[in-house]
Amino acid sequence: MTSILSAFSPVSLEEMGNIRLMNRTDTKYLVSLPTLREILLYATEYYRIQEVDGERNIAYHTIYLDTPACDMYQAHQNGRKIREKIRVRTYVDSGLTFLEVKNKNNKGRTDKKRIRIQGIDTLALDGGEEFLQRCAWYELSALQLLLENNFHRITLVNKAMTERLTIDTKVAFRHLLTGAEADLDNLAIIELKRDGKSASPIAEILRQLRVRPSGISKYCIGVVLTDNGVKYNCFKPKLRMMRKIAKEII
């Protein structure tokens, strides 16, 4: 994978900040690692890769919070279109950590807000309670640490600077209450964020490779894989699809 990534021209964080996707659509795809390699080979002609301090495949660490009744997980399982996720995300290489709130409306658009914090142990001291009171449906005191998630992320931007593509691999989970662990072996999660009016090179590449959109939540799948006690009827088709894709060989 490293040799493929080295074929891309780099794009800096400063340049990435100039990408404004005001009329944005988000589409997720799930692919096997062999398929991902083929996608990346095609994409080198049309995309640049985000590089931070020489790194092109950046390590992320996330801890998801939820209520004791797992209200945020249950909202997704029950098919609610208006949903919320609360997480603490650390960019491992830089050590930067943020408390983040993601709200999804009934039109499928996502609004994300965040504040910088020192770490998971200083949420209250760093203003987490006040931040959640302003931006979330839940107070900090009503939440518990539920799921730990590690992955590596590749970020591509098209040369026209009208879309951004994130690719997550080595996705692994640990349930902080059950202690169970799981990973998405041989799978990659691709998310395309683009201007709704712009043509997309990667969308065409994926179409040619017969890769179809597949909405997937790392948080929800992680909970399903590490907690045998949760209801997961909504996610059974996703689990079957994941197992099928993981067996693909090109």
*Indicate yes or no: at least one non-hydrogen side-chain atom of Asn228 is less than 4.5 angstrom from one of Thr178.*
no
*Report yes if the side chains of Asn103 and Trp137 come closer than 4.5 Å at any heavy-atom pair, otherwise no.*
yes
*Provide the closest heavy-atom pair for Asn186 versus Pro34 in the form atom of the first, atom of the second, distance.*
OD1-CD, 3.6 Å
_If we ignore hydrogens and angles and just use 3.5 Å, is the side chain of Lys218 paired with the main-chain N or O of Val171 as donor and acceptor?_
no
*Spell out, yes or no, whether Ile115 and Leu125 are grouped together once hydrophobic residues are joined by side-chain heavy atoms under 4.5 Å, including indirect joins.*
no
*asked:* Given 3.5 Å as the limit, does a donor-acceptor pair link the side chain of Asn105 with the main chain of Ile82, or not?
replied: no
*Compare all side-chain heavy atoms of Asp53 with those of Asp93 and state whether any distance is below 4.5 angstrom.*
no
*Quick check: does any side chain N or O of Arg153 sit under 3.5 Å from a backbone N or O of Asp168, one acting as donor and the other as acceptor?*
no
*Do Ile117 and Leu176 sit in the same hydrophobic cluster, where Ile, Leu, Val, Met, Phe, Trp and Tyr count as joined when their side-chain heavy atoms come under 4.5 Å apart?*
yes
*Can you check salt bridge (Lys or Arg N to Asp or Glu O under 4.0 Å) on Glu15 and Arg48, steps first, answer last?*
CA-CA 11 Å; Glu15 289 177 286; Arg48 299 164 68 192; 3.1 Å; yes
_Can a donor-acceptor pair be found, under 3.5 Å and without considering hydrogens, that links the side chain of Thr122 to the backbone of Asp126?_
no
*Take Leu140 and Gln133 through the test side-chain contact (heavy atoms from CB on, under 4.5 Å) and record every step on the way to the result.*
CA-CA 8 Å; Leu140 184 60; Gln133 287 174 354; over 6 Å; no
_One pair to check against side-chain contact (heavy atoms from CB on, under 4.5 Å): Tyr47 and Ile202. What are the steps and the verdict?_
CA-CA 9 Å; Tyr47 290 84; Ile202 202 70; 3.0 Å; yes
_Strictly distance-based, threshold 3.5 Å: is any side-chain N or O of Asp66 a donor or acceptor partner for the main-chain N or O of Met72?_
yes
*Quick check, are the ring centers of Phe235 and Tyr73 under 6.0 angstrom apart?*
yes
*With no hydrogens and no angle check, is any side-chain donor or acceptor of Asn78 less than 3.5 Å from a backbone partner on Arg80?*
no
*State, yes or no, whether a side-chain contact exists between Phe131 and Val101 at a heavy-atom distance under 4.5 Å.*
yes
*Going by atom types alone, do Arg89 and Thr62 pair a side-chain donor with an acceptor below 3.5 Å?*
yes
*side chain to side chain contact (heavy atoms under 4.5 Å, CB included), paired with Cys135, selected from Lys113, Glu84, Glu100, Lys112*: Lys113
*Non-hydrogen atoms of Ala246 and Asp185 that approach each other most closely*: CB-O, 3.8 Å
*asked:* Has Lys238 got a side-chain atom pairing as donor or acceptor with Gly215's backbone, closer than 3.5 angstrom?
replied: yes
*Scan for ring pair (Phe, Tyr, Trp, His ring centres under 6.0 Å) pairs involving residues 149-189, sequence neighbours excluded, and state none if there are none.*
Tyr60-Phe151
*asked:* Determine whether a donor-acceptor pair (N or O, by modelled atom type, separation under 3.5 Å) exists between the side chain of Thr35 and the backbone of Val31.
replied: no
*Out of Lys85, Lys102, His76, which one pairs with Tyr219 under the side chain to side chain contact (heavy atoms under 4.5 Å, CB included) rule?*
Lys85
*Establish, for the pair Arg114 and Phe98, whether the NZ or CZ atom is under 6.0 angstrom from the six-membered ring centre and no further than 45 degrees off its axis.*
yes
*asked:* Given 3.5 Å as the limit, does a donor-acceptor pair link the side chain of Arg56 with the main chain of Phe8, or not?
replied: yes
_Can you confirm whether Thr155 sits close enough to Leu165 that some side-chain heavy atom of one is under 4.5 Å from a side-chain heavy atom of the other?_
no
*Would you say Gln50 and Ser12 make side-chain contact, with heavy atoms under 4.5 Å?*
no
*Does Glu191 have any side-chain contact (heavy atoms from CB on, under 4.5 Å) partners at least two apart in sequence or in another chain, and if so, which?*
Asp26, Lys28, Thr166, Lys193
*Under the side-chain contact (heavy atoms from CB on, under 4.5 Å) criterion, do Met242 and Leu239 qualify, and how do the steps go?*
CA-CA 5 Å; Met242 288 165 53; Leu239 294 174; 4.2 Å; yes
*Hydrophobic cluster identity match, Leu184 and Val230, side-chain contacts under 4.5 Å*: yes
_Backbone of Ala172 reached by a side-chain donor or acceptor of Asp183 within 3.5 Å_ = no
_Cys70 versus Leu146, closest heavy-atom pair with distance_ = SG-CD2, 4.0 Å
*Should Ile120 and Tyr91 be counted in the same cluster of Ile, Leu, Val, Met, Phe, Trp and Tyr side chains packed under 4.5 Å apart?*
no
*Does some side-chain heavy atom of Ile63 sit less than 4.5 Å from a side-chain heavy atom of Leu147?*
no
*Hey, are the side chains of Ser200 and Leu192 touching, using non-hydrogen atoms and a 4.5 Å cut-off?*
yes
*How far apart are the C-alpha atoms of Leu145 and Leu177, what are their side-chain angles, what is the distance that settles it, and do they pass the side-chain contact (heavy atoms from CB on, under 4.5 Å) test?*
CA-CA 8 Å; Leu145 310 182; Leu177 300 181; over 6 Å; no
